[in-house]
Protein chains: 2
Amino acid sequence: MKENKDNSKVSRLPKVQDENVDFGMMATLTGFSVKMVWILGYSLLSQKMPDPAITPQRVTMLELIGCNPGLAQTQLAHALGLSRPATSLAIDFWQARGVVERRVDQDDRRAFGIHLTKQGQCIWADLRAKVKQSDEILTKRLSEEEIEQLNRLLSKIYS
Amino acid sequence: MKENKDNSKVSRLPKVQDENVDFGMMATLTGFSVKMVWILGYSLLSQKMPDPAITPQRVTMLELIGCNPGLAQTQLAHALGLSRPATSLAIDFWQARGVVERRVDQDDRRAFGIHLTKQGQCIWADLRAKVKQSDEILTKRLSEEEIEQLNRLLSKIYS
DNA sequence: TGCATTAGTTATCGCCACTAACTAAAAATC
DNA sequence: GATTTTTAGTTAGTGGCGATAACTAATGCA
């Protein structure tokens, strides 16, 4: 009966602009800016989702399942940087909504391959489109060249 | 007696590089890249801190307190985008470590002005230096121009 | 056959947000 | 000037979602 109010697990955006409050050095740090943009992106994405429980984290998982059909849970956990229990619960989430299914691996009957259901294919396609839109909204103040530049610099940092 | 193991409340970095797992469209999204960099930055910063409980969020609060002495809790909450109870607890955290103190506002005796203690001044200075170093490590693969460019693009998004 | 390993689940805990409800002080209303 | 409403901060309770430890079942190697 619990109806999932906006449990936005990410803090609201700090008010760096508040003219009465000085953020000091924070505003000059790449790490801080990146966090601000992430919070903003998280919020934009959540708004676009049909259900506030569909978080960026869960969307990422769905993308991995969609792009790598039959992936085992442990591989999924590793790729996402999650513990196996957390991964298991996240799969439960999508399974409960009829989006993915666990198929026993015939070569190793302990393991499951995770697959999108027929219905899941549609939902995935829909969500992907929305994710893309939301990313476009996030970067709407930048030109095409600036977006490319930004993505290049960011991936230089983390890859 | 609980000894605060690495309770890194932020997921470990996803393994985008895993050659067996395709991240699909995620790798092309600014929102995703930004999250990756943030997780990385969070982890780098946490490592530099003398106590793993000193998180980026708490450092941000300390910076605000240091740069805006006497700020009331409600203003602090607003600037940080936090609820008042959460802010109150975060202040408790620093107060318990002798870093900040609550001084009753003589004009409004319901309110507290938050100030750094003498000792807090030193700790603040030390942490700021470490934060700066950690941000430099985060961006070490980028040139000075690239860092400026990156910060400019990021702040264009969120300000 | 038997023991160590591995996939996944269950149980438990911890952190840190949130809202609701409370106290005390201040401001507004009459 | 007494009463009501609002505001600052705290306390209590809830929830999400990570983590680890302990468990079951299947596998693999001696």
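What's counted below: heavy atoms across the whole structure, side chains too, no hydrogens, waters or symmetry copies. Predicted model, so just to flag it, every value in this text is computed and none were measured. All chains are named by letter (A, B, ...) in the order of the sequence lines, taking the proteins before the strands, and each is independently numbered beginning at 1.
- At a threshold of 4.0 Å, the pair Glu136(B)-Lys140(B) does not count as salt-bridged, since none of the basic side-chain nitrogens sits closer than that to a carboxylate oxygen.
- Atom-to-atom, CG of Leu89(B) to P of dG13(D) comes out at 15 Å; the value is rounded to the nearest Å.
- Side-chain nitrogen and oxygen atoms of Thr74(A) include none within less than 4.0 Å of the OP1 or OP2 phosphate oxygen of dT6(C).
- When distances are taken from the side chain of Arg84(B) to each of dG8(C), dA8(D), dC16(C), the shortest belongs to dA8(D).
- Put simply, Gln73(B) has a side-chain N or O that comes within less than 4.0 Å of OP1 or OP2 on dT10(D).
- The heavy-atom pair separating Leu138(A) from Ile157(B) by the smallest distance is O-CG2, 3.5 Å.
- If you measure from atom CG of Leu80(B) to atom P of dC16(C), you get 15 Å, rounded to the nearest angstrom.
- Residue-to-nucleotide proximity on DNA chain C shows that, of Ala86(B) and Ala111(A), the 5′-proximal contact is made by Ala111(A).
- In this structure, the nucleotide among dC17(D), dA17(C), dG8(C) sitting nearest to the side chain of Arg102(A) is dG8(C).
- For the pair Leu13(A) CG and dA17(C) P, the computed distance is 15 Å after rounding to whole Å.
- Atom CZ in Phe112(B) sits roughly 12 Å away from atom P in dA26(C) (whole-Å rounding).
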Would you mind writing out the side-chain donor-acceptor pairs for residues 112-122 of chain B within the sub-3.5 Å range, not counting sequence neighbours?
residue, atom, partner, partner atom, Å
His115(B), ND1, Arg103(B), NH1, 3.4
Thr117(B), OG1, Gly98(B), O, 2.7
Thr117(B), OG1, Val99(B), O, 3.2
Thr117(B), OG1, Gly120(B), N, 2.8

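- The nearest whole Å value for the distance from the OH atom in Tyr42(A) to the P atom in dA17(C) is 14 Å.
- Remark: Arg12(B) is not in phosphate contact with dG18(D), judged by side-chain N or O atoms under 4.0 Å from OP1 or OP2.
- What you find for Met61(B) and Trp94(B) is that their closest heavy atoms are SD-CD1, 4.2 Å.
- Atom CG of Leu76(A) and atom C1' of dA7(C) are 13 Å apart (whole Å).
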Run the side-chain donor-acceptor check on residues 25-33 of chain B: report pairs under 3.5 Å with partners two or more places apart or on a different chain.
residue, atom, partner, partner atom, Å
Thr28(B), OG1, Met25(B), O, 2.6
Thr30(B), OG1, Asn151(A), OD1, 2.8
Ser33(B), OG, Leu29(B), O, 3.2

Letter per nucleotide, 5' to 3', of nucleotides 24-30 of chain D [B base touched, S only sugar-phosphate touched, - untouched; heavy atoms, 4.0 Å]: -BBS---
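- Using a 4.5 Å cut-off on side-chain heavy atoms (C-beta onward), Arg102(A) and Gln73(A) make contact.
- Put simply, CE on Met61(A) is 13 Å from C1' on dG18(D), counting in whole angstrom units.
- The CG atom of Leu71(A) sits 12 Å away from the P atom of dA7(C) (whole-angstrom rounding).
- Using a 4.0 Å heavy-atom cutoff across all strands shown, Ser83(A) reaches at least one base atom of the nucleic acid.
- The minimum heavy-atom distance linking Asp51(A) with Ala53(A) is given by the pair OD1-N, 2.8 Å.
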